[in-house]
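Ligands are counted one by one from 1 in listed order, and the atoms in each one are counted from 1 as well. Numbers here simply count residues along the sequence, with the first being 1.
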Amino acid sequence: MYNNRKSFIIKLLVIACIIYLCIHVLTNNAGPVIRELQESGRNLAALDSANLEQTALASENAIKEAVPIAEPTKEPEARVQKVSTTVQPEKPLTVLEKVKELTQCLDKTLVPKTQQRGDYWVLYNYVTAEKTFKCHESITYTTHADYSFMDNLVPLLERWRGPVSIAMHAPGTDFANTLESIAYLRDCASSLVREYTTFHIYFSTKHVPKEVPKPNAAFTEPYNCSLTPPFLNVTSDNMYKSQKKLLYPVNVGRNVARETAQTHYILPSDIELYPSPNIIEKFLAMIAENKGPLLSKNPKVFPLHIFEVSANQPVPENKTMLKEMLVNGTALPFHKKLCPGCHSVPKAKEWQMANESKGFHVFHVGKRNGRFIHWEPIFIGTHADPLYDERLSWEGKSDKMTQGYALCVMDYDFLILDNAFLVHKPGIKVYKKDARRAMLAAKTNQLIKKIIFPELKVLYGVKKGCAV
Ligand SMILES: *[C@@H]1O[C@H](CO)[C@@H](O)[C@H](O)[C@H]1NC(C)=O
Ligand SMILES: *[C@@H]1O[C@H](CO)[C@@H](O)[C@H](O)[C@H]1NC(C)=O
Ligand SMILES: *[C@@H]1O[C@H](CO)[C@@H](O)[C@H](O)[C@H]1NC(C)=O
Ligand SMILES: *[C@@H]1O[C@H](CO)[C@@H](O)[C@H](O)[C@H]1NC(C)=O
Ligand SMILES: *[C@@H]1O[C@H](CO)[C@@H](O)[C@H](O)[C@H]1NC(C)=O
């Protein structure tokens with residue numbers, strides 16, 4: 001009994017001694033690694049593996065030297081394993097955490113400010129959305145309009161369900177109607193307007209409205225929702241812009257809406273183009289997976305296919321429904337009848353044949369050259385993409401061509417998404433002769449050719465196969 005107990009104690013002492021030695025040796029050598037692990041809260045896989053192997057090897061050698069018995073060398077190995085398992089295995093990053101890590105983006109606040117921009121006054125963040133976003137949390141649909149287009153906002157929001165940044169051109173007396181329209185939409189139309197939409201307003205320094213309330217004083221009274229929406233059935237004759245024969249400064253609006261967007265990813269679009277549902281969630285999941293063409297070193301944007309549907313048709317809910325409508329002729333590729341070259345997308349036939357699949361993938365990597373040299377794609381991009389030339393107007397056409405040239409020279413990849421698309425507000429556009437627009441378009445072409453293009457060549461350089 002006594003003997004048994006004595007030998008037990010001796011055994012215990014020997015084991016304790018060995019463990020002490022091992023811990024001593026280990027902490028001297030692997031100590032920094034373990035401490036680093038504990039401080040950073042990361043797991044072993046996250047550390048520089050070469051560094052780690054070296055440290056482990058060093059500690060093994062040190063153990064061999066310090067303890068010249070065969071037995072205990074096994075112990076330290078067990079100990080090393082134990083250390084690695086006692087560090088909590090890292091929880092897999094969520095999609096948003098991965099997007100944050102991959103984009104390294106910076107957050108932005110929505111602060112109202114009044115500023116001049118060339119020949120325009122801009123009321124940035126004049127009416128702000130109630131929901132705000134960190135830069136990695138969503139995609140902002142950025143767009144421009146005057147109040148006569150505001151009937152598009154609710155159908156757009158119902159499909160987008162994310163942040164919208166909209167710059168509104170509101171010269172002279174159009175300003176009051178613009179405020180009324182915003183008030184109606186926020187108070188009477190849909191809660192999505194207040195939640196997600198941030199409005200900016202701009203007008204020429206030559207057409208300043210008589211009265212401009214301070215940003216937070218514009219909507220003190222609730223709107224009377226029994227009144228007809230101020231943006232319904234507006235004829236252009238009623239608008240200040242038409243009475244004064246002003247041009248629509250589309251690119252000032254585009255740039256204002258883009259620059260103020262809180263998120264890293266943006267979808268600069270036209271307000272009549274409604275996105276297919278669930279783009280934000282599926283797009284960010286694809287970004288977080290970060291594989292295939294996403295790993296290319298080239299700068300990239302993600303163009304969306306655009307379609308139009310007949311006036312009496314619903315907007316397709318998904319690609320499966322869109323395909324049926326293309327087959328029975330109630331849907332068409334956008335501007336097929338007006339300007340087929342402007343919007344045709346590389347591998348469009350194949351895209352239309354392909355069945356809908358789960359999530360988003362890159363269907364094809366295109367370039368703006370060859371048959372697509374004048375392509376005016378609408379795409380999900382980032383704040384790093386070139387802006388739009390503010391000298392160009394909507395009436396003069398070619399308003400996105402200079403951006404297209406810059407993208408081509410900078411060797412952008414156009415990563416076409418397989419299950420995402422835009423649909424124009426129902427009603428198929430037909431060609432209408434417009435003498436004034438034709439004259440302005442000719443003038444714009446001269447401006448681009450003689451002045452803007454030479455500038456672009458200096459600023460961005462030249463590349464074979466690129467044109468405005
Ligand atoms: C709201 O507008 C309707 C229709 O013009 C009118 O009958 C009603 O009196 C108005 N309500 C208020 C509170 O002004
Ligand atoms: C707007 O115009 C349409 C037809 O052009 C008409 O049916 C509708 O009643 C009008 N709405 C208002 C509020 O005037
Ligand atoms: C596509 O949308 C239609 C209409 O809402 C629906 O019936 C169908 O189940 C949807 N298909 C897929 C694959 O989501
Ligand atoms: C075309 O297909 C769509 C989607 O399936 C359907 O809603 C519509 O009724 C069809 N129209 C015609 C004219 O067949
Ligand atoms: C695409 O979907 C249709 C209808 O569901 C089916 O008949 C066809 O076999 C599918 N095609 C491919 C290539 O999977």
Side-chain angles (χ1 to χ4, degrees), residues 94-96 99 137-139 141 151-164 189-193 195-196 265 267 269-289 291-294 302-338 340 343-366 377-380 414-431:
T94 63
V95 163
L96 292 186
V99 173
E137 284 179 340
S138 192
I139 308 175
Y141 184 107
D151 57 320
N152 293 292
L153 187 61
V154 173
L156 167 65
L157 282 163
E158 279 172 350
R159 295 165 70 87
W160 185 245
R161 297 193 173 261
V164 169
S190 162
S191 61
L192 295 171
V193 177
E195 275 174 59
Y196 290 117
Y265 287 107
L267 170 51
S269 182
D270 292 336
I271 194 166
E272 289 183 300
L273 298 177
Y274 306 160
S276 52
N278 306 318
I279 286 187
I280 297 173
E281 176 199 334
K282 291 179 182 177
F283 179 83
L284 294 180
M286 179 191 73
I287 291 297
E289 272 199 28
K291 39 176 215 199
L294 286 164
F302 302 84
L304 305 178
H305 277 264
I306 314 174
F307 298 91
E308 50 194 333
V309 298
S310 316
N312 52 357
Q313 291 294 313
V315 178
E317 287 299 318
N318 50 40
K319 190 173 173 192
T320 306
M321 188 174 169
L322 169 69
K323 278 184 62 163
E324 288 166 15
M325 295 176 72
L326 285 166
V327 168
N328 73 20
T330 50
L332 283 177
F334 189 54
H335 279 188
K336 191 172 179 178
K337 298 192 172 154
L338 277 185
H343 296 281
S344 68
V345 178
K347 295 264 186 274
K349 269 217 187 87
E350 290 86 341
W351 189 94
Q352 287 174 31
M353 296 292 292
N355 281 349
E356 183 172 1
S357 57
K358 250 188 130 185
F360 282 177
H361 316 87
V362 176
F363 184 78
H364 175 68
V365 180
I378 290 193
F379 49 76
I380 298 174
F414 293 81
L415 276 50
I416 299 157
L417 299 173
D418 56 355
N419 297 312
F421 56 90
L422 296 164
V423 180
H424 193 274
K425 171 188 172 178
I428 291 180
K429 278 199 185 170
V430 287
Y431 180 72

Looking only at protein heavy atoms, identify the closest one to [atom] and say how far it is in Å.
atom	result
atom 7 (O) of ligand 4	Gln313 OE1, 4.5 Å
atom 11 (N) of ligand 4	Asn328 ND2, 3.0 Å
atom 13 (C) of ligand 5	Asn355 ND2, 4.4 Å

Run Ile139 and Phe283 through side chain to side chain contact (heavy atoms under 4.5 Å, CB included) and show every step you take.
CA-CA 9 Å; Ile139 308 175; Phe283 179 83; 3.4 Å; yes
Taking the six-membered ring for Trp, are Trp351 and His364 closer than 6.0 Å centroid to centroid?
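Ring-ring flag for Trp351/His364: false, centres at least 6.0 Å apart.
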Distance-minimising heavy-atom pair for Pro163 and Ser138:
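Reported closest heavy-atom pair: CD-OG, 3.2 Å.
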Are Asn328 and Thr330 linked by a side-chain donor-acceptor pair shorter than 3.5 Å?
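A donor-acceptor contact under 3.5 Å links the two side chains.
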Going by distance alone, is a donor N or O of one side chain under 3.5 Å from an acceptor N or O of the other, for Thr320 and Asn355?
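Not at all, the side chains of Thr320 and Asn355 share no donor-acceptor pair under 3.5 Å.
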What atoms in ligand 3 come closer than 4.0 Å to a heavy atom of [X]?
X	value
Glu356	13 (C)
Thr320	13 (C)
Glu317	2 (O), 5 (O)

Are Ser357 and Asn419 close enough, and set up right, to give a side chain to side chain donor-acceptor pair (under 3.5 Å), and what steps lead you there?
CA-CA 7 Å; Ser357 57; Asn419 297 312; 3.0 Å; yes
Do Thr330 and ligand 4 have an N or O pair less than 3.5 Å apart?
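Checking ligand 4 against Thr330, no N or O pair falls under 3.5 Å apart.
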So if I count the atoms of ligand 4 from 1 in the order they appear, which ones are less than 4.0 Å from some heavy atom of Met325?
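Result: 2 (O), 3 (C), 4 (C).
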Using a strict 4.0 Å cut-off to heavy atoms of Glu324, name the atoms of ligand 4 that fall inside it.
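Counting from 1, the qualifying ligand atoms are 4 (C), 5 (O).
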Name the orientation class of the two ring planes belonging to Phe334 and His424 (parallel below 30°, tilted from 30 to 60°, perpendicular beyond 60°).
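Parallel: the ring planes of Phe334 and His424 meet at under 30°.
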Determine if the distance from atom 9 (O) of ligand 3 to the closest protein heavy atom is below 4.0 Å.
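Within 4.0 Å of atom 9 (O) of ligand 3, no protein heavy atoms are found.
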Under 4.0 Å from atom 5 (O) of ligand 4, can you find at least one protein heavy atom?
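Within 4.0 Å of atom 5 (O) of ligand 4, protein heavy atoms are found.
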Could you tell me whether Glu356 and Lys323 have a side-chain N and a carboxylate O separated by less than 4.0 Å?
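Between Lys323 and Glu356 there is no salt bridge, as every charged N stays at least 4.0 Å from the carboxylate O atoms.
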Of the listed options Asn278, Asn419, Asn318, closest to atom 2 (O) of ligand 3 (non-hydrogen atoms)
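The option holding the nearest heavy atom is Asn318.
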